[in-house]
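Here's the structure we're looking at; comments come further down.
In what follows, residues are counted from 1 in the order of the sequence shown.
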Amino acid sequence: MHPYYHVIVIGGGHAGAEASAAAASVLGEEGRVALVTMDPARIGQMSCNPAIGGLAKGQMVREIDALGGLMGLAIDFTGIMFRMLNTSKGAAVRGPRAQADKYAYAAEVQRLISTRCQIDVIAGTVDDIVVHDGSVAGLRLSSGAGVVVADAGLIDRNLAGTDIARPIYASCPERPGTEPRVIRTNAIVLTAGTFMRGLMHTGEEQSPGGRIGEASAEGMSAVLRRLGFSLGRLKTGTPPRLAAESIDFAGLDRQEGDPEPTPFSDMSPVQLPGQRFPRMAQIACHLTATTSQAHDLIRANLHRAPMYSGQIKASSGPRYCPSIEDKVVRFGERESHHVFLEPESGYTNEIYCNGISTSLPTDVQERLVHLMPGCERARVLRWGYAVEYDMIWPHQIDSTCMAKRLPGLFPAGQINCTTGYEEAAGQGVIAGLNAARLALGRDPVRLRRDQAYIGVMLDDLVTKTPREPYRMFTSRAEHRLMLRADNVDERLTPLGRNLGLIDEPRWKVFQKNSQELAAIRDRFDRLLVEGRPLREVARRPEVTIAELMGVLGGTFRPRLVERVMNDLRYEGYITRQRVQIKRQAKAERMALPAWLDYASVAGLRAEAADVLDRFRPATMGQASRLAGVNPADLTLLAVTIRRGWSAKAQPTAG
């Protein structure tokens with residue numbers, strides 16, 4: 001008898017880790033979740049930039065945390081430099097960011113996974129997805145796959161010395177000679193990352209793999225094509241890493257973290273009672289730059305760069321995180337570009353060169369590095385490279401993350417044409433949640449655009465055809481005044497509680513915060529300053545938090561006082577936005593039935609019919625955001641749906 005799991009998650013990256021945890025929470029103690037990954041020791045690994053958060057991305061991490069996710073907890077425990085970005089601007093566009101000790105971060109994610117008794121970690125690769133009657137029925141594992149037991153003793157919880165580099169889960173190479181295994185399930189979360197037919201490039205050199213030192217997942221692309229999915233090809237890249245002791249930091253600008261860091265997770269201050277935050281020693285970054293001589297070097301060697309030599313074909317890269325080759329070509333007037341030298345760990349000498357992702361040959365990379373101030377004698381520990389990989393065009397998924405053509409399959413992460421740890425993790429939460437709900441026979445959940453950045457991202461993915469890997473920005477959210485980093489718990493934690501994502505300790509923290517916020521708002525309403533209500537005084541831009549704290553009295557936490565102040569300053573705008581959202585809500589939620597044949601809708605333009613048939617939007621709101629669909633088309637759809645429902649409701653002749 002083949003074993004059964006309620007949910008199987010393929011891939012142990014940021015999407016896979018969050019999907020596993022979300023599914024386990026929703027299923028409860030009796031649930032069974034399998035996390036299948038090629039190397040369990042790489043679960044939670046930071047493949048590229050050793051940082052979490054940023055503009056809009058930081059808001060997404062807070063949303064993941066408010067829904068019971070792992071990322072906020074992990075970065076708070078392992079961050080080595082915390083900064084709030086955009087502090088000179090309004091609260092709606094500020095974003096928390098933190099450098100991570102990448103080894104400690106992966107170990108902490110693995111520890112958090114190991115605490116969920118419902119999750120079995122299986123070392124192995126997937127040979128096939130089993131389908132029965134048009135829906136997911138299981139998967140077939142390669143030979144030698146087996147369950148891996150976590151050993152919490154491998155990690156030093158005090159993060160002392162280099163023990164942090166030892167993962168919870170040991171590497172488990174496949175054991176040849178055993179028969180393939182079939183695991184039964186009705187819900188699979190597929191988080192293949194950059195591994196589907198992954199091919200790495202450094203100059204003319206090529207090697208299969210999704211990231212350095214790891215194999216490529218060759219078979220999954222063929223499986224998906226056989227199942228009828230349309231695949232595309234993308235690329236991403238990473239910069240060289242340098243030895244810290246070989247860099248002259250003395251003449252470089254030093255970038256410190258915030259003197260009073262802001263945690264990502266609402267649970268972090270109480271996660272370890274009596275312990276300090278941040279937990280790890282804080283480390284500075286440094287700023288250098290490319291030079292005009294370096295740009296000349298790059299131009300002279302473009303014919304050796306895979307993207308320009310034709311070696312990489314039919315692949316698009318992230319426009320907002322371009323390689324240094326792309327920067328030099330696209331911004332020819334610039335004589336330099338900033339490069340941030342970021343430590344990858346507090347216990348190793350690895351320095352990440354943020355700003356010069358490249359796939360140039362190693363001899364060119366070495367000269368490029370030596371032309372940067374402070375790096376004249378720098379030693380390269382690892383060369384930069386580009387990786388191209390297969391992905392699923394996201395019009396084939398719904399904003400619940402479930403594939404439209406194969407019920408029970410939930411692609412999440414970079415496989416859906418996104419880039420970034422945070423975007424992947426956000427999809428992982430939704431995919432894991434809905435996979436578990438499918439297993440329990442419950443309706444799927446969609447986050448709205450006015451509810452969360454995660455909702456904006458998923459709606460964008462299923463209503464637009466991306467030209468490059470999708471990256472979240474505050475400008476993508478039309479309701480960003482409501483989607484601030486400071487009010488995430490009020491937006492999402494009650495929803496997460498109702499969905500089974502929020503455990504009792506987190507719920508108690510939310511209730512405590514809610515009670516304190518209510519008390520603060522009450523005092524803002526009651527107290528007078530020079531005869532004027534404090535709520536009016538607080539709206540003045542020159543009024544500081546310290547001044548408000550002095551008037552309020554009590555022992556209120558400054559971050560909660562600041563949240564109430566931000567609410568008051570945005571109050572007029574938010575009220576107007578809520579009126580607009582309420583007005584649009586009915587059309588936004590109106591379902592487009594599966595039986596609707598767009599080609600037969602009388603009067604519908606051919607362009608609109610083609611677009612609607614290709615994307616198959618789930619709601620009228622999604623249809624309204626498709627390029628090629630206009631208001632007249634939406635009116636025709638509404639009329640057709642009403643007539644169709646009416647006809648279906650008529651009794652048939654006996």
**Asked** Are any side-chain N or O atoms of Asp503 and backbone N or O atoms of Arg506, one a donor and one an acceptor, separated by less than 3.5 Å?
**Response** yes
**Given Ile64, Leu112, Ile75, the one that forms side-chain contact (heavy atoms from CB on, under 4.5 Å) with Leu70** = Leu112
**Message:** Using only atom types and a distance under 3.5 Å, with no angle test, would you say the side chain of Arg480 pairs donor to acceptor with the backbone of Ala477?
**Reply:** yes
**Asked** Are side-chain heavy atoms of Leu461 and Gln427 found at a separation under 4.5 Å?
**Response** yes
**Prompt:** Heavy atoms, side chains only, cut-off 4.5 Å: are Val33 and Tyr5 in contact?
**Reply:** no
**Prompt:** When the ring centroid of Phe77 is compared with that of Phe264, is the distance short of 6.0 Å?
**Reply:** no
**Asked** Between Gln622 and Val462, does a side chain to side chain contact (heavy atoms under 4.5 Å, CB included) hold up when you go through it step by step?
**Response** CA-CA 8 Å; Gln622 289 182 1; Val462 303; 4.0 Å; yes
**Item:** Side chains of Arg446 and Ser399, donor plus acceptor under 3.5 Å
**Value:** yes
Using a 3.5 Å cut-off and no angle test, enumerate the donor-acceptor pairs between side-chain atoms of residues 560-567 and protein atoms at least two apart in sequence or in another chain.
from	atom 1	to	atom 2	distance (Å)
Glu562	OE2	Arg94	NH1	3.4
Arg563	NE	Asp486	O	2.7
Arg563	NH1	Asp489	OD1	2.9
Arg563	NH1	Glu490	OE1	2.9
Arg563	NH2	Asp486	O	3.1
Arg563	NH2	Asp489	OD1	3.2
Arg563	NH2	Asp489	OD2	3.3
Asn566	ND2	Asp486	OD2	2.9
Asn566	ND2	Glu562	O	3.3
Asp567	OD1	Arg484	NH1	3.4
Asp567	OD1	Arg484	NH2	2.7
Asp567	OD2	Arg521	NH2	3.0

**Asked** Are Arg557 and Asn513 linked by a side-chain donor-acceptor pair shorter than 3.5 Å?
**Response** yes
**Request:** Not counting sequence neighbours, which residues clear side chain to side chain contact (heavy atoms under 4.5 Å, CB included) with Ala106? List them please.
**Result:** Gln110
**Request:** Quick one: closest heavy-atom pair of Thr474 and Ala92, and the distance?
**Result:** CG2-O, 4.5 Å
**Item:** Note: Asp525-Arg535 ion pair, threshold 4.0 Å (strictly below)
**Value:** yes
**Prompt:** Between the main-chain N or O of Glu344 and the side-chain N or O of Tyr103, is there a donor-acceptor pair closer than 3.5 Å?
**Reply:** no
**Asked** So do Pro469 and Gln414 actually touch side chain to side chain, heavy atoms under 4.5 Å?
**Response** no
**Prompt:** So, does Glu18 use its side chain to make a donor-acceptor pair with the main chain of Gly16 at under 3.5 Å?
**Reply:** no
**Request:** Dump the intermediate steps for side chain to side chain contact (heavy atoms under 4.5 Å, CB included) on Met280 and Thr78, then the final yes or no.
**Result:** CA-CA 6 Å; Met280 299 192 71; Thr78 62; 4.1 Å; yes
**Message:** I'd like to know if the side chain of Asn354 and the backbone of Phe340 have a donor-acceptor N/O pair within less than 3.5 Å.
**Reply:** no
**Main-chain N/O of Gly28 paired with Gln118 side-chain donor or acceptor, under 3.5 Å** = yes
**Item:** Nearest-0.5 Å distance that lies between atom CZ in Phe410 and atom SG in Cys401
**Value:** 8.5 Å
**Request:** Could you tell me whether the side chain of Asp65 reaches within less than 4.5 Å of the side chain of Val488, counting heavy atoms only?
**Result:** no
**Message:** When you compare the side chain of Pro444 with that of Met402, does any pair of heavy atoms fall below 4.5 Å?
**Reply:** no
**Request:** Measure the spacing between CG of Leu73 and OG of Ser268 and express it to the nearest 0.5 Å.
**Result:** 5.5 Å
**Message:** Looking at Glu536 and Arg569, is any side-chain nitrogen of the basic one under 4.0 Å from a carboxylate oxygen of the acidic one?
**Reply:** no
**Request:** Over all heavy atoms of both residues, which pair between Ser20 and Leu35 is shortest? Give the atoms and the distance, please.
**Result:** OG-CD1, 3.5 Å
**Request:** Could you tell me which non-hydrogen atom of Val445 sits nearest to which non-hydrogen atom of Arg437, and how far apart they are?
**Result:** CG2-NE, 3.5 Å
**Message:** Any carboxylate oxygen within less than 4.0 angstrom of a Lys/Arg side-chain nitrogen, looking at Arg448 and Asp459?
**Reply:** no
**Prompt:** Do side-chain atoms of Asn186 reach the backbone of Ala439 as a donor and acceptor pair under 3.5 angstrom?
**Reply:** no
**Asked** Using the ring of each side chain (for Trp, its six-membered ring), is Tyr570 parallel, tilted or perpendicular to Tyr573, with breaks at 30° and 60°?
**Response** perpendicular
**Request:** For residues Pro343 and Ile283, report the shortest heavy-atom separation together with the two atoms involved.
**Result:** CG-CG2, 3.5 Å
**Prompt:** So, the side chain of Glu63 versus the backbone of Gly426: is there a donor-acceptor pair under 3.5 Å, distance only?
**Reply:** no
**Spatial distance of atom CG (Asp398) from atom CZ (Arg616) [nearest 0.5 Å]** = 12.0 Å
**Asked** Is a salt bridge present between Arg32 and Asp120, judged by a nitrogen-to-oxygen distance below 4.0 Å?
**Response** yes
**Item:** Val537 side chain near Glu547 side chain, heavy-atom distance below 4.5 Å
**Value:** no
**Item:** Geometric cation-pi criterion, Arg62 with Tyr453: 6.0 Å, 45°
**Value:** no
**Fill in**
Output for pair (Glu516 CD, Gln511 CD), nearest 0.5 Å, gives 14.0 Å
**Request:** Please name the pair of heavy atoms, one in Ile392 and one in Pro411, separated by the smallest distance, quoted to 0.1 Å.
**Result:** CD1-CG, 3.9 Å
**Request:** Would you give the length of the straight line joining atom CD1 of Ile10 to atom CD1 of Ile122, rounded to the nearest 0.5 angstrom?
**Result:** 10.5 Å
**Request:** Check step by step if salt bridge (Lys or Arg N to Asp or Glu O under 4.0 Å) holds for Arg97 and Glu342.
**Result:** CA-CA 13 Å; Arg97 183 182 188 274; Glu342 302 173 343; 3.4 Å; yes
**Request:** Give the intermediate values and the outcome of side chain to side chain contact (heavy atoms under 4.5 Å, CB included) for residues Thr619 and Met590.
**Result:** CA-CA 5 Å; Thr619 65; Met590 185 177 181; over 6 Å; no
**Request:** Using the side chain to side chain contact (heavy atoms under 4.5 Å, CB included) rule, take Ser47 and Thr238 through it: C-alpha gap first, then chi angles, then the decisive distance, then the call.
**Result:** CA-CA 9 Å; Ser47 307; Thr238 192; over 6 Å; no
**Message:** Has Tyr421 got a side-chain atom pairing as donor or acceptor with Cys48's backbone, closer than 3.5 angstrom?
**Reply:** yes
**Request:** Over all heavy atoms of both residues, which pair between Ile113 and Ala17 is shortest? Give the atoms and the distance, please.
**Result:** CD1-O, 3.6 Å
**Message:** Looking at Glu588 and Arg625, is any side-chain nitrogen of the basic one under 4.0 Å from a carboxylate oxygen of the acidic one?
**Reply:** yes
**Euclidean distance, Asp258 CG relative to Leu85 CG, rounded to 0.5 Å** = 8.5 Å
**Within residues 49-61 or reaching into it, pairs that qualify as salt bridge (Lys or Arg N to Asp or Glu O under 4.0 Å) - sequence neighbours excluded** = Lys57-Glu422, Lys57-Glu423
**Item:** Check: Ser345 side chain, Asp101 main-chain N or O, donor-acceptor pair, under 3.5 Å
**Value:** no
**Request:** With the side chain counted from C-beta on, respond yes when Ile52 and Val61 share a heavy-atom pair under 4.5 Å apart, and no when they do not.
**Result:** yes
**Request:** Measure the shortest side-chain to side-chain distance between Tyr105 and Gln45 over non-hydrogen atoms and say whether it is less than 4.5 angstrom.
**Result:** no
**Request:** Could you tell me whether the side chains of Asp460 and Tyr470 share a donor-acceptor contact shorter than 3.5 Å?
**Result:** yes
**Item:** Pairing of Arg497 and Glu504 as salt bridge, 4.0 angstrom limit
**Value:** yes
